[in-house]
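To find a chain, count down the sequence lines: A is the first, B the second, and so on, and within it residues start at 1. Model, not experiment: these values are computed from the prediction.
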Amino acid sequence: MTNDKVRTRFAPSPTGFLHIGGARTALFNWLYTRRCGGTFVLRIEDTDQARSTDESTRAILDAMTWLGLNWDEGPYFQAERVGIHREMVQKLIDEGKAYYCTCSPGALEAKRKKALAEGRKPKYDGTCRDRGLIRSPESVVRFRCPDVGVTVMRDLIKGAISFSNEELDDLIIERADGYPTYNFAVVVDDAQMGITHVIRGDDHVNNTPKQMLIYEALGCEVPLFGHVPMILGSDKARLSKRHGATSVMAYQEMGYLPEALVNYLVRLGWSHGDQEIFTMEELIRAFSLEAVGKSAAVFNPEKLLWLNQHYITTYPAEKLVEVATPFWERKGFDVSDGGFVAQAAANLRTRSKTLVEMADSGSFFFREEVDYDPEAAAKFLTPEYAGHLEAVAERIPDIVDYTKDGLEIFLRALAEERGTKLKWIAQALRVALTGKTVSPGIDEVMVTLGKERVIRKIRRAIDQIKAGG
RNA sequence: GGUCCCAUCGUCUAGUGGUUAGGACGCUGGCCUCUCACGCCGGAAACCGGGGUUCAAGCCCCCGUGGGACUACCA
C-alpha cells in the first residue's frame with residue numbers, strides 16, 4: 001500500500017470556518033496520504049475575491065492543526081496563481097479549445113429561464129462559439145466542450161460513472177474580471193501540483209467530467225478521483241447551521257477533544273469491521289477508500305458525545321489537565337495548583353461528556369463558599385444531620401490514612417458507631433462539600449479537597465444549619 | 001425539468017447467494033453502589049416496494065418509490 005508518489009490535497013475556500021463536512025474530507029485525504037506515505041498539499045481556493053477573507057484562512061488552518069491534520073506543502077493560495085491560469089486559458093484559445101464570449105449575464109439568464117419553462121435543458125446555446133471574437137472588457141472565456149462521446153470516471157469510492165458529453169456545457173473558465181472560475185483553476189492547479197488523487201465531497205461528482213475534459217485539452221494526465229458522500233442533518237438535508245454547530249472550532253469551545261471528533265468523523269461513512277474506537281495510528285493503518293461507503297450519513301451528536309466522554313475518561317492524566325484547565329480558568333478560578341486541578345479532573349472524568357460539563361460540575365472544587373442547591377440543603381443540611389457532620393469535622397485531624405480507601409473505612413465505622421448508614425453520612429457530607437446531591441465519590445472529593453478545606457466547608461454547613469434553624 | 005448518485009434497526013454501520021441478519025450510539029430491564037456516572041449482564045428495534053435470475057437473494061438484474069447532489073462570470 002505504500003506509494004510515496006501519491007500526492008493529495010485539501011482545497012477549502014476561505015469563505016467561512018472549517019466545517020464538519022470539510023473536516024471529514026480533509027481527514028480522509030490525510031489518512032489516505034499517511035497510509036501511502038504520500039504528500040498532503042493544502043491549497044486555499046480564494047479566487048472569489050469578494051467572499052474570501054484572511055480571517056477564514058487562519059480559522060481553517062487553526063482547525064486543521066487542532067485536529068492534528070498536518071500538511072506537507074502549502075498553504076498555496078490560488079489567487080496568487082492567476083498568472084498561470086491566464087497562461088493556460090491563452091493556450092486553450094490559441095489551440096481553438098476555448099473562445100471569447102460576449103453574451104451578457106442577463107441575456108443568458110433569460111435564455112435559461114425560457115429553456116426551463118419550455119422543459120428543455122438550460123445549456124449554453126453556443127451563440128459565440130464560432131464568432132471568432134477577441135478579448136474585450138466584457139468578454140469571458142468559454143471552454144469548448146465536445147458535443148459527442150462519453151466521459152467515464154472510475155471513482156475510487158463510487159465505481160465507474162459515465163457522462164454523455166452532450167449533457168456538458170461550454171462552461172466559463174475565465175470571468176470578465178480576468179479571474180479563472182473554479183472548474184478551471186482547480187484543474188490547472190491540481191495538474192501543476194502533480195496531484196495524483198483528488199479526494200473531495202461528492203457534490204463535485206457532476207463537475208468531474210468537465211474537469212476531465214479540461215485536463216485532456218490541456219494535455220495533462222487525469223488524476224484518480226474519490227468522491228466521499230455528504231454529511232446530512234437529522235432531517236436528511238445537507239448539514240448546516242440550523243442543525244447546530246457545524247464549525248470545527250465550535251466543538252473545541254464546547255469542550256470536545258480533537259480525538260473524539262476525528263474518531264466520530266472517520267466512522268461517518270467509513271468502517272473497519274465492528275471497531276468503533278481508533279487511535280490515529282490505527283486509523284492510518286486501517287484506512288482505505290474502498291471501505292468508504294457510498295451513501296450520505298446523518299450527523300449524530302449523541303454518538304459524538306459518547307466518544308467524547310470515552311476520550312475524556314481515557315485521556316492521559318497530564319493531557320487531561322492541560323485541556324481541562326482553560327475551562328476552569330475561563331470561569332475565573334485559580335488554576336495555579338496543577339496537582340489540585342489534576343485530582344479534580346481525575347474525580348470528574350468518568351461523569352463528564354464534555355470539558356464544559358466537567359468545569360461546571362466541578363466548580364465546587366475551586367470555590368471556597370459552597371453554593372447550596374436549595375432542595376439539597378433542605379433535605380440534608382438539617383439538625384438531624386448536623387451531628388454527623390460535626391463528628392466528621394472533629395475526627396478528620398486525627399485520620400492517619402487520609403486516602404480514598406482510608407476514608408471509606410473511617411466513614412463506614414463512623415456510620416456504624418452513630419447507628420446510621422453510610423449513605424446518610426455521605427449525602428450530608430456531599431451537600432456540605434459540593435452543595436449538591438450528585439458528585440464524585442465523597443471519599444475522592446474529601447481527598448482532593450484536603451483536610452483543611454473539608455473542615456472549613458463542614459463548619460460552614462453547620463453554621464448554615466444553625467442559622468436556617 | 002434534465003443529468004448523476006444513493007437506499008440494512010431512530011442514527012452510524014457489518015454483511016459481497018445459504019447468517020437465529022452482527023456491532024455501536026440512543027432507548028430500556030437488572031447488577032454494582034455513599035449520590036451521579038463508569039463498568040457488567042439482558043431487552044426492544046432493520047434488509048423501501050414490486051417484478052425477475054437462481055434449488056436458494058439483504059446480497060445479482062429491471063422497474064417503481066424515496067432521499068441527495070449538480071444544473072452560476074460560488075467553490
Any side-chain N or O of [X] less than 4.0 Å from the OP1 or OP2 oxygen of [N]?
X	N	result
A:R267	B:A24	no
A:S234	B:U11	no
A:R175	B:A75	yes

Side chain of [X]: nearest nucleotide among [options]?
X	options	answer
A:E302	B:U3, B:C25, B:A24	B:C25
A:K303	B:C12, B:A14, B:C73	B:C12
A:E45	B:G23, B:A75, B:A14	B:A75
A:R112	B:A72, B:U11, B:A75	B:A72

Exercise. How about A:E55: does its CD atom have over 12 heavy atoms from other parts shown lying under 6.0 Å from it?
Worked result: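 No, CD of A:E55 has 12 or fewer neighbouring heavy atoms, counting only those of other groups under 6.0 Å.
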
Return the nucleotide paired to [N]: Watson-Crick means purine N1 to pyrimidine N3 with N6-O4 or O6-N4, wobble means G-U with N1-O2 and O6-N3, both under 3.5 Å.
N	answer
B:C34	none
B:G10	B:C25
B:A69	B:U3
B:A56	none
B:C74	none

Touch class at under 4.0 angstrom, heavy-atom based, for [X] against every strand present:
X	value
A:V140	base
A:E167	sugar-phosphate
A:A297	sugar-phosphate
A:R238	sugar-phosphate
A:G269	sugar-phosphate
A:T47	sugar-phosphate

Exercise. Which value, in whole Å, describes the distance between the P atoms of nucleotides B:U11 and B:C31?
Worked result: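 Rounded to whole Å, the distance is 32 Å.
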
Exercise. Expressed in whole Å, how much space separates the C1' atoms belonging to B:C9 and B:G51?
Worked result: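 B:C9 and B:G51 have their C1' atoms separated by 26 Å.
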
For this session: Record whether the side chain of A:E118 comes under 3.5 Å of the base of B:G1 through a donor-acceptor pair of N or O atoms.
Result: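 Answer no: no donor N or O sits under 3.5 Å from an acceptor.
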
For this session: Classify the side chain of A:N206 and the base of B:A69 as holding, or not holding, a donor-acceptor pair under 3.5 Å.
Result: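 Indeed, a donor on one side and an acceptor on the other fall under 3.5 Å apart.
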
To the nearest angstrom, how far is [X] atom [atom1] from [N] atom [atom2]?
X	N	atom1	atom2	result
A:R9	B:A75	CZ	C1'	11 Å
A:D202	B:U71	CG	P	13 Å
A:K210	B:C4	NZ	P	14 Å
A:N263	B:C12	CG	P	17 Å
A:Y182	B:C74	OH	C1'	11 Å
A:F299	B:G10	CZ	C1'	17 Å
A:H204	B:U71	NE2	C1'	15 Å
A:N207	B:C74	CG	P	13 Å

Between [Y] and [X], is there a salt bridge with N-O shorter than 4.0 Å?
X	Y	answer
A:D147	A:R129	yes
A:E118	A:K113	no
A:R412	A:E417	no

For this session: Using a 4.0 Å heavy-atom cut-off, write out nucleotides 31-47 of chain B from 5' to 3' as B (base contacted by protein), S (sugar-phosphate only) or - (no contact).
Result: ---BBBBS---------

Exercise. So which one's nearest nucleotide on RNA chain B is more toward 5', A:T15 or A:L304?
Worked result: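 Going by which nucleotide is closer to the 5' end, it is A:L304.
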
Exercise. Relative to the 5' end of RNA chain B, which residue comes earlier, A:P122 or A:I172, by the nucleotide with the nearest heavy atom?
Worked result: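 Its nucleotide being nearer the 5' end, the pick is A:P122.
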
Exercise. Which residue, A:F40, A:F10, A:F287, forms the ring pair (Phe, Tyr, Trp, His ring centres under 6.0 Å) with A:F28?
Worked result: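 Of all the options given, the one that passes is A:F287.
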
Where does the angle between the aromatic ring planes of [X] and [Y] fall among parallel (under 30°), tilted (30 to 60°) and perpendicular (over 60°)?
X	Y	result
A:Y385	A:W424	tilted
A:H85	A:F184	perpendicular
A:F225	A:Y215	perpendicular

Exercise. Taking the six-membered ring of A:Y100, is NZ or CZ of A:R142 closer than 6.0 Å to its centre and within 45° of its axis?
Worked result: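 Pair A:R142/A:Y100 does not count as cation-pi.
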
Tell me which donor-acceptor pairs under 3.5 Å the side chains of residues 426-434 of chain A have, and how far apart each pair is, sequence neighbours excluded?
unit_1: A:Q427; atom_1: OE1; unit_2: A:R430; atom_2: NE; d: 2.6
unit_1: A:Q427; atom_1: OE1; unit_2: A:R430; atom_2: NH2; d: 3.4
unit_1: A:R430; atom_1: NH1; unit_2: A:S439; atom_2: OG; d: 2.9
unit_1: A:R430; atom_1: NH1; unit_2: A:P440; atom_2: O; d: 3.0
unit_1: A:T434; atom_1: OG1; unit_2: A:R430; atom_2: O; d: 2.7
unit_1: A:T434; atom_1: OG1; unit_2: A:K436; atom_2: N; d: 3.1
unit_1: A:T434; atom_1: OG1; unit_2: A:K436; atom_2: O; d: 3.2

